[in-house]
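Each remark here refers to the structure printed beneath this line.
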Amino acid sequence: MPEQLRNFVQHALSAADDEVFLVDGVLAMNELSQLTRLDRPDLEFTPYVPRHPERVREHGGDIFAAIRQKDLVVHHPYESFDVVVQFLQQATRDPDVVAIKQTLYRTSNNSPIVRALAEAAEAGKSVTALIELKARFDEEANIRWARDLERAGVQVVYGFSS
């Protein structure tokens, strides 16, 4: 940190010289987690709760009916990702749905998306999943998901970002 900026921050925080420590290099990121344990609610953001798309609610949760009325765009993170999971689960149960195509970039450890795709394939639907292998440190998890999906009968296409 430039000395002028360090002096500005030190003055703004009313910190004495013996309270300022110079570190040559990057701070240990694992140590930064201590900041989240401070009892300072005045520094915390109000938790944001994403909303469920209103039109889906108006149709009693029937996403296909909501889409039939008008195209539907889901804006993440403002609208809940649960609607995407619900969409895939509804498609899995719908006898008129014969194929599902999905791109997976990153997934959670217990991904409801992966589970829904596997269930759809096991139910006899043609399911294709494009899985990005180089997904910011999630390569191992994505390979594991790809293998699980293949075992369930999903056609997996591997993507490589450059």
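- Atom OG1 of residue Thr128 and atom CD of residue Gln155 lie 4.5 Å apart, to the nearest 0.5 angstrom.
- Counting non-hydrogen atoms of neighbouring residues, nucleotides and ligands closer than 6.0 angstrom, the NE2 atom of His11 reaches no more than 12 such neighbours.
- Val74 and Ile67 fall within the same hydrophobic cluster, defined by Ile, Leu, Val, Met, Phe, Trp and Tyr side-chain heavy atoms under 4.5 Å apart, directly or through other members.
- Applying the 6.0 Å contact sphere to OH of Tyr78 captures no more than 12 heavy atoms from other residues, nucleotides or ligands.
- At a threshold of 4.5 Å between non-hydrogen side-chain atoms, the residues Ser111 and Trp145 count as touching.
- For the pair Ala91 and Ile100, the tightest heavy-atom approach, listed with the atom from each and the gap, is CB-CD1, 4.0 Å.
- Atom CG in Leu149 sits 11.0 Å away from atom CD1 in Ile113 (nearest 0.5 Å).
- In this structure a side-chain-to-backbone donor-acceptor pair under 3.5 Å is present from Lys125 to Asp94.
- For the 3.5 Å distance criterion, the side chains of His52 and Glu79 fail to qualify, holding no donor opposite an acceptor.
- Looking at Gln102 and Val127, their side chains never come closer than 4.5 Å, going by heavy atoms from C-beta outward.
- In the hydrophobic cluster analysis, where Ile, Leu, Val, Met, Phe, Trp and Tyr join through side-chain heavy atoms closer than 4.5 angstrom, Val114 is grouped apart from Leu130.
- One hydrophobic cluster, built from ILVMFWY side chains closer than 4.5 Å, cannot hold both Val157 and Leu117; they sit in different ones.
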Exercise for the section: Kindly indicate, with the supporting measurements, whether the criterion side chain to side chain contact (heavy atoms under 4.5 Å, CB included) is fulfilled by Leu88 and Glu119. Expected result: CA-CA 10 Å; Leu88 285 172; Glu119 287 173 15; over 6 Å; no
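- Arg144 CZ: more than 12 foreign heavy atoms inside a 6.0 Å radius.
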Acceptor/donor pairs from residues 37-45 side chains to any protein atom, 3.5 angstrom cut, sequence neighbours excluded:
unit_1 : atom_1 : unit_2 : atom_2 : d
Arg40  : NE     : Asp42  : OD1    : 3.0
Arg40  : NH2    : Asp42  : OD2    : 2.7

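- The environment of CD in Gln4 is sparse: at most 12 heavy-atom neighbours from other residues, nucleotides or ligands sit within 6.0 Å.
- Judged by distance alone, with hydrogens and angles left aside, the side-chain atoms of Gln69 form no donor-acceptor pair with the main-chain N or O of Ala66 at under 3.5 Å.
- Remark: Glu132 CD to Thr103 OG1 distance equals 9.0 Å, nearest 0.5 Å.
- Rounding to the nearest 0.5 Å places CG of Leu72 at 9.5 Å from NE2 of His59.
- Across Val20 and Ala15, no two heavy atoms sit closer than the pair CG2-CB, 4.4 Å.
- For the residue pair Ala121 and Val154, the shortest heavy atom distance occurs at CB-CG2, 3.6 Å.
- In this structure, the separation between CD on Glu122 and CZ on Arg151 is 11.0 Å, given to the nearest 0.5 Å.
- Contact detail for Val156 and Tyr158: the closest heavy-atom pair is CG1-CZ, 3.8 Å.
- With Gln86 contributing its side chain and Gly61 its backbone, the two residues share a donor-acceptor pair below 3.5 Å.
- In terms of heavy-atom proximity, Asp71 sits nearest to Arg55 at O-NH2, 3.0 Å.
- Hydrophobic clustering of Ile, Leu, Val, Met, Phe, Trp and Tyr side chains at less than 4.5 Å, counting indirect connections, keeps Val23 apart from Val9.
- Remark: Asp82 engages Ser80 in a side chain to side chain contact (heavy atoms under 4.5 Å, CB included) (not counting sequence neighbours).
- Distance check: Asp62 CG to Arg57 CZ gives 15.0 Å after rounding to the nearest 0.5 Å.
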Practice task
Go through the steps to decide whether Phe87 and Val85 satisfy the test side chain to side chain contact (heavy atoms under 4.5 Å, CB included), and finish with yes or no.
Solution key: CA-CA 5 Å; Phe87 177 64; Val85 175; over 6 Å; no
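- With sequence neighbours excluded, no residue forms a ring-ring contact (aromatic ring centres under 6.0 Å, His included) with Phe8.
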